[in-house]
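First up is the structure itself, then whatever we jot down about it.
A quick note: this is a predicted structure, and the numbers were derived from the prediction, not measured.
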Amino acid sequence: MIAAIAAVVAIAGCTPTPSGGGGGSTNYTQCPTVGAGQVRVAVVVNGTALGSNAAPVVCVVVAQNSTGVGALYARATRLGLPVPRFDNSGLLCAIDGVPIAPTCGNLGPNGYEYWTYWIGGGPSWTFAPVGPASRLMTDGTVEGWRFILGGPDTAPSQPSTFAQLVS
């Protein structure tokens, strides 16, 4: 399954798109070119609680009807970071390699520590009623993730609409 997702991501052309200017900088909010049967997805990841400094907003291109898991794999590929890590139950354990294995859903001093999953696209974020393996991507989908160190679920701090997130 993971190999199949990685193959779809590679075929989708999710490689960095240079934004011009010296130094080879990359504008990850700029969407790669969309081909037939592909869609654009804005993936927002807020891992500041873990000290992550990866690009908080990345536009990826995936095959139409890919899942949220496929969008996360495409993001990792575009950024050149580790692919998402899941436990045997399907719980997302790590994005961008954090937290470091074997950490996954640990009980901390303030409650369980985990990646919360959010759906954007409207005026505000909505806590996802389904897991990322059950959510199908369409053009302009907005996916959000935020790591919490226990306590109440908090939505990503970035805007929730596709137009506000990508260039």
Side-chain angles (χ1 to χ4, degrees), residues 1-21 23-88 90-104 114-121 128 130-147 156 158-167:
M1 174 73 168
I2 291 174
I5 291 171
V8 168
V9 169
I11 291 168
C14 297
T15 56
T17 304
S19 62
S25 65
T26 302
N27 177 0
Y28 293 109
T29 63
Q30 182 178 4
C31 294
T33 303
V34 178
Q38 296 179 325
V39 296
R40 301 165 301 153
V41 178
V43 182
V44 175
V45 173
N46 187 324
T48 55
L50 296 169
S52 174
N53 60 359
V57 179
V58 178
C59 185
V60 298
V61 172
V62 296
Q64 187 171 11
N65 291 323
S66 291
T67 65
V69 172
L72 271 178
Y73 272 82
R75 178 187 175 277
T77 300
R78 184 154 191 222
L79 293 175
L81 293 171
V83 296
R85 178 173 47 88
F86 296 85
D87 73 3
N88 291 336
L91 177 67
L92 177 64
C93 297
I95 297 176
D96 304 338
V98 292
I100 297 171
T103 299
C104 190
Y114 65 101
W115 286 100
T116 59
Y117 182 42
W118 299 84
I119 296 171
V130 298
S134 299
R135 184 161 148 80
L136 299 180
M137 303 293 100
T138 58
D139 195 52
T141 296
V142 177
E143 297 279 285
W145 295 91
R146 186 169 188 159
F147 194 85
Q158 292 79 7
S160 62
T161 66
F162 189 80
Q164 290 175 301
L165 293 168
V166 303
S167 54

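- Taking both residues in full, the closest heavy atoms of Pro99 and Cys93 are given as CD-O, 3.2 Å, listed atom of the first, atom of the second, then distance.
- A donor-acceptor pair under 3.5 Å links the side-chain atoms of Asn27 to the main chain of Thr29, judged by distance alone.
- Looking at residues two or more places apart in sequence or on another chain, you find no ring pair (Phe, Tyr, Trp, His ring centres under 6.0 Å) involving Phe162.
- A heavy-atom distance below 4.5 Å is found between the side chains of Phe86 and Val69.
- Here the closest heavy-atom approach between residue Val44 and residue Gln158 is recorded as CG1-OE1, 3.2 Å.
- Taking CZ of Arg146 as the start and CD1 of Ile95 as the end, the distance is 13.0 Å to the nearest 0.5 Å.
- For Ser160 against Leu165, the heavy-atom pair with the smallest separation is C-CD1, 4.5 Å.
- Considering only heavy atoms from C-beta on, Pro56 stays 4.5 Å or farther from Val45 through its side chain.
- A 4.5 Å side-chain heavy-atom check between Val61 and Val39 finds every atom pair outside the cut-off.
- Minimum interatomic distance between Leu79 and Ala55 (heavy atoms only, all atoms of both residues): CD2-CB, 4.0 Å.
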Inset, instruction - Take Glu143 and Met137, measure what side chain to side chain contact (heavy atoms under 4.5 Å, CB included) needs, and give me the verdict at the end. - result: CA-CA 9 Å; Glu143 297 279 285; Met137 303 293 100; 3.5 Å; yes
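- Using a 4.5 Å cut-off on side-chain heavy atoms (C-beta onward), Trp115 and Leu50 make contact.
- Put simply, CD1 on Ile100 and CZ on Arg85 are 9.0 Å apart, with the number rounded to the nearest 0.5 Å.
- If you take OG on Ser66 and CD on Gln38, they are separated by 9.0 Å, rounding to the nearest 0.5 Å.
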Legend entry - Check against side chain to side chain contact (heavy atoms under 4.5 Å, CB included), Thr141 and Arg135: CA-CA 10 Å; Thr141 296; Arg135 184 161 148 80; 3.3 Å; yes
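- Here the side chains of Tyr117 and Trp145 are in contact, with some heavy-atom distance below 4.5 Å.
- Of the possible polar contacts, one joining the Arg78 side chain to the Tyr28 backbone as a donor-acceptor pair under 3.5 Å is found.
- A side chain to side chain contact (heavy atoms under 4.5 Å, CB included) with Arg75 holds for exactly one of Val41, Val57, Val58; it is Val58.
- Pairing each heavy atom of Val60 with each of Val43, the nearest pair is CG2-CG2, 4.1 Å.
- Between Leu136 and Gln64, the closest side-chain pair of non-hydrogen atoms is not below 4.5 Å.
- For the pair Thr67 and Pro132, the tightest heavy-atom approach, listed with the atom from each and the gap, is CB-O, 3.4 Å.
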